[in-house]
Amino acid sequence: GLADANRGNFNIQPATADLIYRGDKAAWIRMANSLKLKLFNQIRLVQPDKARAGIAALLSASAPLISTNAQDF
């Protein structure tokens with residue numbers, strides 16, 4: 001989903017159909033990155049190398065993450 005979201009603008013803007021973020025693409029990207037971070041954290045004990053690499057990649061890329069309650073999913 002993140003790869004598709006980063007391709008550019010879409011012809012259809014789902015402002016009324018999107019009940020969570022009202023078509024705010026940046027908010028969806030923040031949520032997806034935050035979910036990836038959570039999932040990497042969950043696998044850290046069984047796949048520590050994969051988790052470490054994934055977390056480091058997100059943080060070094062300065063990927064936007066949920067950082068306030070107002071941005072919460």
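Residue numbers run from 1 in the order of the sequence given.
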#### Entry: Partners meeting ring-ring contact (aromatic ring centres under 6.0 Å, His included) with F40 (sequence neighbours left out)
none
### Query
Taking only residues two or more places apart in sequence or in another chain, which ones pass side chain to side chain contact (heavy atoms under 4.5 Å, CB included) with A57?
none
### Query
With R44, which residues qualify under salt bridge (Lys or Arg N to Asp or Glu O under 4.0 Å), at least two apart?
none
### Query
Any side-chain hydrogen bond (donor to acceptor under 3.5 Å, both in side chains) pairs touching residues 49-60, not counting sequence neighbours?
D49-R52
### Summary
Quick note, salt bridge (charged side-chain N to carboxylate O under 4.0 Å, His left out) partners involving residues 27-37, not counting sequence neighbours, are none
### Query
Would L65 end up clustered with L39 when hydrophobic side chains under 4.5 Å apart are linked, directly or stepwise?
no
### Residues forming a side chain to side chain donor-acceptor pair (under 3.5 Å) with S67, sequence neighbours excluded
Q71
### Task
Give me the other members of the hydrophobic cluster that I29 sits in, counting Ile, Leu, Val, Met, Phe, Trp and Tyr linked by side-chain heavy atoms under 4.5 Å, directly or via other members.
L2
### Task
Please name the pair of heavy atoms, one in I43 and one in A51, separated by the smallest distance, quoted to 0.1 Å.
CG1-CB, 3.9 Å
### Query
Are the side chain of N33 and the backbone N or O of P64 linked by a donor-acceptor pair below 3.5 Å?
yes
### Message
Would you say I55 ends up clustered with L45 if hydrophobic residues are merged whenever their side chains have heavy atoms under 4.5 Å apart, either directly or through other cluster members?
### Response
no
### Task
Can you run down the ring-ring contact (aromatic ring centres under 6.0 Å, His included) pairs that involve residues 43-73, sequence neighbours left out, and say none if there aren't any?
W28-F73
### Message
If I take atom CG from residue D24 and atom CG from residue D18, how far apart are they, to the nearest 0.5 angstrom?
### Response
8.5 Å
